[in-house]
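Comments concern the structure below.
Convention: sequence-line order gives letters A, B, ...; per-chain numbering from 1.
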Amino acid sequence: MSSQPVLRVEGLVKWFDVTHGLMDMVLGKHIFSRAVDGIDFEIETGHVFSLVGESGCGKTTTGRTILRLTEPTRGKIWFSGFDVASLKDGKLKEYRKQAQMVFQDPYQSLNPRQTVFAGIAEPFAIHGLRLSSEQEYDSVSKALEEVQLRPPEEFIFRYPHELSGGQRQRVAIARALVLNPKFIVADEPVSMLDMSVRAGILNLLASFMKKHNISILFVTHDLAVARYISDNMGVMYLGKIVEQGISERIFQRPLHPYTQALIAAVPVPDPRHKIGAIPIAGEISSSINIHPGCRFHPRCPYAKPLCKDQEPPLRELERDHLVACHFAETIEQAPCDNMLRSVSGRESSE
Amino acid sequence: MIQVAKEKPRVQTQKNRELAEFVSQFRQSRAGMVGLVLIIMFVLLSVFVVFAYPYQDVVKWNDVREWTNNPPTAPPFWVKMFSGKSLPETQVLNGSVARRYGIENIYFEDRVLDMSFTYDVPPAEVLVSIDVSFQGSSPLIELSWIKPSGTTITILRKAADRSTEGPPYAFSERLYVFIDQDVKSNMAGYMMSTYGAFVPVSSISVANVLFGEESPRVANASSIDIEKGIYQLKLHLQAYDPSDKITGFSAVVKGTVWGWMGTDVWGRDLLIGILWGTPVALLIGALTSVLSVGIGMTIGVVSGFYEGTIGEILDRTTDFFYMLPVLPLLIFVSFILRPSIWVMIPLLSVFGWPGIAKTARIITLQVKQEAYIEAARALGASNLWILVRHIAPQTLPFSFANIALLVPGYIFTEASISFLGLGDPVLPTWGKILGDAQASGATIGGYWWWVLMPGMMIFLVAISFALVGNALDRIVSPRLRRRA
Amino acid sequence: MSFFSYLVKRTVVLAATLILVLLATIMVAGGFGIVDRVAESAIRQDVNMMMRNNPNLARLTEAERLQIMQTLIDEQRRAAGLDKPFIERVPKYLLQALSWDFGKALYLRSSSGSSLVSDIIAEVLPRTVLLFTTGALLSALVGIALGLLMARKPLGLFDRVMTAFAVVSNSMPLWWVGMLLILLLAFTLKVLPAGGFVSVPVPSDPVAYAFDVLHHMMLPLIAVVLVSFGGWAYTVRSLLLDTFQQDFILVARAKGLSESDVMYRHALRATAPPIVTLLLLSIVGSMGGAIISEVVFNWAGMGRLFANAVSFQDVPVIIAETYVFSFLYVAVFLVLEILYGLLDPRVRTGASVQG
Amino acid sequence: MDVKNLCMYYDLLGDRYVKAVDNVSLELHAGETLGIVGESGCGKSSMAITLLRLLPSNAKIMGGKVSLHGEDILALPEAKLRRDVRWKKISMVFQGAMNSFNPVIKVGDQLAETLLSHDGKATKKEAIERARELLDLVGIEGSKADHYPHEFSGGMKQRAMIAMALSLNPEIVIADEPTTALDVIVQAQVLKLLKDLKEERDMSLILISHDISIIAEMSDDVAVMYAGHIVEYGESKSVFLDSRHPYTKGLLEAVPSVKARKQKLESIPGAPPNLIGMPDACRFADRCKYAIERCRQGDPPLEDVGDGRVVACIRSKELWGAS
């Protein structure tokens, strides 16, 4: 790893207490939804690490726990040298200046009663930076300029409902960047935008990364977007990372059956590929009563008795490419029939 | 394109733009504007009333003696327009000139009161008040009634007995002519002497004899023709001491109709009661709803925002107050405290706030889920900052709508309490007027104006606030009920 | 089964609330010393009466008679526990109230002459329930029917007229409308009796008795329905319009169901839970407000008893009635929870219905 | 089914109106899948509800014909349309599967209800039995018929919706964004199910989506819609691999593919237009990099560019020539 990582997550765990039965309460038996069940990863400065998985796999919770928007149950979060997991008030507020978030729903992430100016200027007031209104006005216009909302005068006194989805997301990004953070969690920033506008936002985030040396934790369920924007990647299933490493390596040589199935299931904008048989059935199970052993074994076409007993550790099969599956090597040699058709027949370079 | 120079960005633009939008939306709802106009009228009326009838006048409202000059249970004068007959109005007669003369040692004094009476129906009542002062033996007084045709009927002849100690003695008489037994027997005497017609005293109608056309059957006829013209009331004093004299002689001829809003069973002018009811109703309605919305919003928002133990406790207390039976408890407490309106207002709002708190809590829970709240938290905002800068402004407009919507309910409740006579002991309120009406059998007695007028005022004030409240609610509530 | 556990939790909460309400009523009544003052004056009256018609005391001197009276009074006060401070006696009152033993009324009597408060209340309660439940049910039925029509053509002429009527009728106090109706129907047109529960002499044969009560109930019933059916129509209409926005209504129409099928099988059934909630709340709400209306209609129910108790300052009756009203309130809330669960499957198998 | 110059407007307060569907012509051949792709507000969902005349009170059909086997169903009286066409010939799978089912009625009953309302003779028991078969058909075990909608997962609800759409063996199924709310694997399963059922029952399918990849993989013919207009319509191979309209090209350049190595994406500037009071000009002109003055003089008609494909762009032939 060349440069010192801006963020390192060690054994991060986040369980939600979902006990509601009267009897359970009386007996003190707690039921937990194990949203994040122990994950580790690093993000280097100026890099994008994307967390990919189906809804309910814990990727969003990871992002919000790292920013302390929900309290972690266990684990360490190292942010440029100190553990953020246990920060308190003053220190936490300081951390908040350097780590920001971009939200999924452009229609909800801006206060409908605040103009664009008030929204972007609010962080100054929150952090007590006594700026005169001229300075505030200038920095807000500069921020708008940076997110390509030109000319700023036309947008600065508008209300959110007067802007399109794409424009609103740019305002949200401007607000997140106005304090010059070192790290951003982007939680599905483009999934609610029109196709034509998505690329613009992705390119914007990419340009910020280079210009301000910002690192981004990019949470998404859309593998195509993940491949386009991320340098490193982690595939999550039921609160654990099942495959992790450099994105290109994972896309060219997916090792975990779940990753393979995910990639096979994604449609491609090319009429020559027709929807093929999907090797795995059923839906992601609930994160409350998780089976022992490998979490994926109920849906895995290669499941063996060992998978039911022992949880496979995350091991490095090739440099910067880890996988949590006992039989990753054998699967690669003899993939089951429909998996073959759906994965290999797809390689195309445009 | 908004040309914004480099000068200070006008933050006010945000405030008054929002306000301008709110006002334009409100103006679109015709009903809302009607309600607003009505409310402004009621406020102006209240201000006028407080100046026109100062507080001391109002205290007189509870003192029945003040109103004896008014005809009891008289409908408003504009009833004449519908009844086709000209109905008598109340007249007060005084200012008679004393004519004194003496023969040997007997001294006489005569006083005459003139009255013009050109109506189709006899008056409700005639009340004559006589005051005499004398030195020694009590003088003789004689009251006679002179009809336009000249016929003279002696109404009363009696000796002025001493009603106070020490010379000079004073004698005073307040004679209700239509119902006084002596007058009735004199009438029977008169009928016997002029027509030789024997009429039992009990069935005599003094009004018919005094005001009806001359005829043997006039005494107890069901309907009579009125002798229209100038009537005279003559008081004759026969005294035995030169210094004896009539110190007071006046009469009130009570009409059958009275004033704009008529009178109640004690002759009180309902107009004053109803007018004074307006400021009381507005005060109680407005202040109580502002208070209960204030309490309700704070508790609702706080219990919604801090969902932990604080939220739970506040929510349980809201449930507790929500389940209290409002009216019985209120009546019970009023029965004990006999509250003035300044005690009644907080009392009423203690029962009113849970409804608001429950809704405010639900709104806060909804707003809390919005992403911009978490965004503010991510920006480093504290709980308090989020509560003040993001949650409160969202719930504020909702509270305006509710202040208006709560007023009718409070006006009804206050009216109910004073209906039972447990309200403010001094101030006349619509509820108290209606309570008196019910107690005096106005509904069975047919005194419709006594019931209609105060109730109509309650209705008008209530509906004006309801209209404004609905208009505000439609602007504020996210789900427009009426599909555009 | 989470719904059952949810219900158990709600019953416990409601029961606790009821006891708290009862406690509050007793504290408020007792706290101001009203209860004690009234009880002591009652004792002094009994002792006086006993002394006066006891012949052999006549011969005693003034001082001796006074002395005996004082001892008798103290004895009775101790018996009634009045010597102990009020706070200690609260549990006793609480237990009594919970077991429906409200002690004796001071002045009021039941028609059968009994002075036991529980008898008096037992006699009047059914009358109030009869009047106001019928009234609420009638208004609900009329209101739902009209609400359906209004929802058919939103912003149509009928819809706008009914909405205006709803706002107007909601702004009129029930008891005022009652007084106006008495003036109109009883005084002017002489069509219906002006008030009362049954005519005197009371008809012996039960059928005639029932008809007579119905005859007396007509006027208050008209008043109740007149004032509330408008509000009902508007509420049902708004609920239906909200449901019409839902996707499953579009699906139902797409499936080729007739408009009435869409309306009754889908829209109305989906809004059934809130409508039932409103119905129960309106019944118990109207009873709470019945006090003044019953005075106006001279309807010998709980409300008029309460008004009389207030004018006669008959404190035991007042406390008992407040408690009964609260009991009704809480009982209805509980029935509400159960009914809501039965009508809405999401509640039966899902989370609680409150907030 | 043959749709000719269909127009449908929403009128707003005052005299303003929105031309949601503006002069749209399409053909649907037996056993084929027609894909309609377009961004939010382009009128594709309005198109769907217009075909079945399920219009809200503020919407009006301004013109055009929808002929099914030659008969114009728009002209049919309401009762006949309801009895003979809706769900019997054309059925629909709606976007928000979340509350396409009445929450207080069992799923089985809602499926059975469709059969009972159209086939008078069927008894309740037969209908419920048929409902169970339908659920099996879409991979949900029959016993689930007695459960309530909130007990179904997203994927299961969408499958149940498909089962309902097939209950009367319609000739055409319109699927409006059937998988937007689903995860990628469940989405693939549902799309596969739709494809297989279409082939087994030889039905025609109109698939509406904003996701260009789904349309590419599922449909035989494709129509690209923008601001109420069809801008390109033809065989999916030619529309996607050799697109002749700047908007279609722009979309393809803006959408990342999971199978392609790193590539430079280029988004289309600006935002979808506001449909109120559209000027008489090419509606894509403001965002189009090839736009010239003439583009703003009139609404470009759909021209044939050879191989049975039509394109609404006056510079199409000039830039990319006729094939």
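Rounding to the nearest 0.5 Å places CG of B:Leu379 at 5.5 Å from CZ of A:Arg175. To the nearest 0.5 Å, the span separating OH on B:Tyr372 from CD on A:Glu122 amounts to 11.0 Å. Atom CD1 of A:Ile126 sits about 11.5 Å away from atom CZ of B:Arg377, to the nearest 0.5 Å.
Residues of residues 285-313 of chain B lying under 4.5 angstrom from chain A, judged on non-hydrogen atoms, do not exist here.
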Set out, in order, the CA-CA distance, both residues' side-chain angles and the distance that settles side chain to side chain contact (heavy atoms under 4.5 Å, CB included) for A:Tyr107 and B:Glu370, then state yes or no. CA-CA 10 Å; A:Tyr107 295 90; B:Glu370 304 271 344; over 6 Å; no
Carefully, step by step, assess A:Gln114 and B:His390 under the rule side chain to side chain contact (heavy atoms under 4.5 Å, CB included). CA-CA 9 Å; A:Gln114 266 180 342; B:His390 291 287; 3.7 Å; yes
Salt bridge (charged side-chain N to carboxylate O under 4.0 Å, His left out) for B:Glu374 and A:Arg64? Distances and angles first, verdict last. CA-CA 10 Å; B:Glu374 196 168 26; A:Arg64 289 170 63 203; 2.5 Å; yes
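Across every non-hydrogen atom of B:Ala378 and A:Gln100, the tightest pair is O-NE2, 3.2 Å. Of all the heavy atoms in B:Gly380 and A:His127, the pair that sits closest is CA-NE2, 4.2 Å. When every heavy atom of B:Gln394 is checked against every heavy atom of A:Pro112, the shortest pair comes out as NE2-CG, 4.1 Å. For A:Ser109 against B:Ala371, the heavy-atom pair with the smallest separation is CA-CB, 3.8 Å.
Within 6.0 Å of the NZ atom in A:Lys76, the count of heavy atoms belonging to other residues, nucleotides or ligands does not exceed 12. More than 12 heavy atoms of other shown residues, nucleotides or ligands fall within 6.0 angstrom of atom CZ in A:Arg150.
In this structure, chain B has no heavy atom under 4.5 Å from any part of A:Leu67. For a residue to count as touching a neighbouring chain, one of its non-hydrogen atoms must lie under 4.5 Å from one of that chain's; by this rule A:Ala125 touches chain B with backbone and side chain alike.
For the set A:Val178, A:Asn111, A:Asp105, A:Leu179, the count of heavy-atom pairs under 4.5 angstrom toward chain B peaks at A:Asn111.
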